Chemist: 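What follows is a structure written as structure tokens; I'll ask about it next.
Naming convention: chains lettered A, B, ... in sequence-line order (proteins, then strands); numbering from 1 in each chain. Being a predicted model, the structure only gives us computed values, none of them experimental.
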There are 2 protein chains.
Amino acid sequence: MKKTRALLPLGEFEMLVLLAILQAGDGAYGSAILEQVHQRGGRSVARGALYVTLERLDAKGYVASRTEAGPPVRGGRPRRYYTVRPTGLALLRRSLEALGRMREGLELGLKHS
Amino acid sequence: MKKTRALLPLGEFEMLVLLAILQAGDGAYGSAILEQVHQRGGRSVARGALYVTLERLDAKGYVASRTEAGPPVRGGRPRRYYTVRPTGLALLRRSLEALGRMREGLELGLKHS
DNA sequence: TCTCAATGCATACATTGTTGGCATGAAGAA
DNA sequence: TTCTTCATGCCAACAATGTATGCATTGAGA
């Protein structure tokens, strides 16, 4: 984490990234997160886009990261793993709940939740 | 509608506004929409923020608007009513579905949908 | 050695998000 | 009638988020 900025609502992509980190669980490093966004989010973004967002989420204290030695296949070279911090999780919940309330009673015929 | 720009993913606030219009139904004019965002979205934004967003959604063809005579209490002065167009609805669905898939399997303990 | 693949990060620019204040016109008070 | 107050809508400006390209590093394997 770099500094502690405002407590503004999460952007759309920020939500996706936060959720992707949660989905990736322990192995949440760049490519894995990107993969989640691609698969579930059904959207392909450039790696750079992800890293910039991760950096910003980090700066706001919503995620934490540790640089750990990678798997042997990778020659043990380090990777940067991310985790969602309580603040980030809380904010994510708030955003999702707002959307949920916003949707209440509407018949949108979504294919998923 | 002004012009037809890109087909990028909807921003967070844009989703809220689109949903708010749907919630407001027939009476979807500025203040009514704002009220929905405030109540359900649990967030207070300046009127200007809403109008700018509506304008942009309009420019992208996601919403349509008609200026109609307002109620007698208002001396019949006109109001601008908005409706969500098919394109906007489709995009909204896509965004919500992506979030839905992104959430699948996660135990977030949300208070609502 | 040389090349390739996997990562992460920096740069730059486009799009969104947000606020504050201006303007108009009817209603109601003075 | 004149003044003040709402209710609306909109514009200018600026902050934050979204996104693509491309550079740099470092083992693996040819």
Chemist: Who passes side chain to side chain contact (heavy atoms under 4.5 Å, CB included) against A:E107, sequence neighbours left out?
Modeler: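 Partners of A:E107 by the side chain to side chain contact (heavy atoms under 4.5 Å, CB included) criterion come out as none, since no residue qualifies.
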Chemist: Calculate the interatomic distance between B:I33 atom CD1 and D:dT8 atom P; express it in whole Å.
Modeler: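 Whole-Å distance recorded here is 12 Å.
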Chemist: Counting only non-hydrogen atoms, which of residues 13-21 of chain A are less than 4.0 Å from DNA chain D?
Modeler: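 Under 4.0 Å from DNA chain D: A:F13, A:E14.
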Chemist: Which atom pair, heavy atoms only, marks the closest approach of A:A64 to A:R85?
Modeler: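 Shortest heavy-atom contact: CB-NE, 3.4 Å.
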Chemist: Pair up each side-chain donor or acceptor in residues 11-19 of chain B with any protein partner under 3.5 Å, not counting sequence neighbours, and list the distances.
Modeler:
| unit_1 | atom_1 | unit_2 | atom_2 | d |
| --- | --- | --- | --- | --- |
| B:E12 | OE1 | B:R43 | NH2 | 2.6 |
| B:E12 | OE2 | B:R43 | NH2 | 2.5 |
| B:E14 | OE1 | B:G11 | N | 2.7 |
| B:E14 | OE2 | B:K60 | NZ | 2.8 |

Chemist: What's the closest nucleotide to the side chain of A:Y29 if the choices are D:dC11, C:dT7, D:dA20?
Modeler: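 Within the option list, the nearest is C:dT7.
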Chemist: Choose from C:dT7, D:dG18, D:dA16 the nucleotide whose nearest atom is closest to any side-chain atom of A:R79.
Modeler: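 For A:R79, the side-chain atoms sit closest to C:dT7.
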Chemist: Whole Å only: how far is the CZ atom of B:R80 from the P atom of C:dT24?
Modeler: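 From B:R80 CZ to C:dT24 P: 18 Å.
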Chemist: Under 4.0 Å, heavy atom to any atom of DNA chain D: which of residues 35-44 of chain A qualify?
Modeler: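 By residue number: A:R43.
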Chemist: Given D:dA20, C:dC9, D:dG18, identify the nucleotide with an atom nearest to the side chain of A:V45.
Modeler: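 Minimum distance to the A:V45 side chain belongs to D:dA20.
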Chemist: B:A49 or B:P71: which one's nearest nucleotide on DNA chain D is closer to the 5' end?
Modeler: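 This one resolves to B:P71.
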Chemist: Check whether A:L92 and B:L10 end up in the same hydrophobic cluster, where Ile, Leu, Val, Met, Phe, Trp and Tyr are linked by side-chain heavy atoms less than 4.5 Å apart.
Modeler: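 Yes: a chain of side-chain contacts under 4.5 Å links A:L92 to B:L10.
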Chemist: Tell me whether the side-chain N/O atoms of B:S31 come closer than 4.0 Å to OP1 or OP2 in D:dT8.
Modeler: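 Indeed, a polar side-chain atom of B:S31 lies that close.
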Chemist: Which whole-number value in Å describes the distance from A:R56 CZ to C:dA10 P?
Modeler: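 One finds 12 Å between P of C:dA10 and CZ of A:R56, rounded.
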Chemist: Reckon A:Y51 has a side-chain N or O less than 4.0 Å from the OP1 or OP2 of C:dC9?
Modeler: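 So the side chain of A:Y51 is outside the cut-off, no N or O lying under 4.0 Å from OP1 or OP2 of C:dC9.
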Chemist: Rounded to the Å, how far apart are B:L54 CG and C:dG17 P?
Modeler: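 So the CG-P distance, B:L54 to C:dG17, works out to 12 Å.
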Chemist: Cut-off 3.5 Å, no hydrogens considered: what does the side-chain donor-acceptor table look like for residues 24-41 of chain A, sequence neighbours left out?
Modeler:
| unit_1 | atom_1 | unit_2 | atom_2 | d |
| --- | --- | --- | --- | --- |
| A:Y29 | OH | A:R79 | NH2 | 3.3 |
| A:E35 | OE2 | A:Q39 | NE2 | 3.1 |
| A:Q36 | OE1 | A:R40 | NE | 2.7 |
| A:R40 | NH1 | B:R101 | O | 3.2 |
| A:R40 | NH2 | A:Q23 | OE1 | 3.3 |

Chemist: Just call it for A:G30: base, sugar-phosphate, or nothing, with non-hydrogen atoms closer than 4.0 Å on any strand.
Modeler: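 Sugar-phosphate only.
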Chemist: Between atom CG in A:L50 and atom C1' in C:dA10, what is the gap in whole Å?
Modeler: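 The distance from CG of A:L50 to C1' of C:dA10 comes to 15 Å, rounded to the nearest Å.
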Chemist: Expressed in angstrom and rounded to an integer, what is the separation of B:L91 atom CG from C:dT16 atom P?
Modeler: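 Rounded to whole Å, this separation is 10 Å.
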Chemist: Could you check whether A:G11 gets within reach of a base, just the sugar-phosphate, or nothing at all, counting any heavy atom under 4.0 Å?
Modeler: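 Sugar-phosphate: the residue A:G11, judged by heavy atoms under 4.0 Å, touches backbone atoms but no base.
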Chemist: Measure from OH on A:Y81 to P on C:dT7 and round the result to the nearest Å.
Modeler: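 After rounding, the reported distance stands at 8 Å.
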Chemist: Are A:L106 and A:L96 linked, directly or through other ILVMFWY residues, by side chains that come within less than 4.5 angstrom of each other?
Modeler: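 Same hydrophobic cluster.
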Chemist: Tell me, with the steps shown, if B:L110 and B:R103 meet side chain to side chain contact (heavy atoms under 4.5 Å, CB included).
Modeler: CA-CA 11 Å; B:L110 302 188; B:R103 259 169 57 176; 3.8 Å; yes
Chemist: Considering only side-chain heavy atoms of A:A46, which listed nucleotide, D:dA20, C:dT18, C:dT16, is closest?
Modeler: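 The nucleotide sitting nearest to the side chain is D:dA20.
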Chemist: In whole angstroms, how far is the P atom of C:dA10 from the CD atom of A:E55?
Modeler: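 These atoms are roughly 7 Å apart.
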Chemist: Do B:Y62 and B:L22 sit in one hydrophobic cluster, given that two such residues count as connected whenever their side-chain heavy atoms are within less than 4.5 Å of each other, even indirectly?
Modeler: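 Yes: a chain of side-chain contacts under 4.5 Å links B:Y62 to B:L22.
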Chemist: Does a side-chain N or O from A:K60 land closer than 4.0 Å to OP1 or OP2 of D:dA16, or not?
Modeler: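 It does not, given that no N or O in the side chain of A:K60 lies less than 4.0 Å from OP1 or OP2 of D:dA16.
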Chemist: Report the nucleotide, chosen from D:dA12, C:dT15, D:dA16, that has the shortest atom-to-atom distance to any side-chain atom of B:V52.
Modeler: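 My answer, after comparing the listed nucleotides, is D:dA12.
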Chemist: My understanding is that only one of B:I21, B:L57, B:L91 makes a side chain to side chain contact (heavy atoms under 4.5 Å, CB included) with B:V84; could you say which?
Modeler: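 Result: among B:I21, B:L57, B:L91, B:I21 is the only option passing the side chain to side chain contact (heavy atoms under 4.5 Å, CB included) with B:V84.
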Chemist: Hey, any chance A:L89 and A:Y82 share a hydrophobic cluster, counting ILVMFWY side chains that come within less than 4.5 Å of each other, even indirectly?
Modeler: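 Yes.
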Chemist: With rounding to the nearest 0.5 angstrom, report the CG to CZ distance, B:D58 to B:R56.
Modeler: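 Answer rounded to 0.5 Å: 12.5 Å.
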Chemist: Please write out each protein N/O paired with an N/O of nucleotides 24-27 of chain D under 3.5 Å, distance rounded to 0.1 Å.
Modeler:
| unit_1 | atom_1 | unit_2 | atom_2 | d |
| --- | --- | --- | --- | --- |
| D:dT26 | O2 | A:R77 | NH1 | 2.9 |
| D:dG27 | O4' | A:R77 | NE | 3.3 |

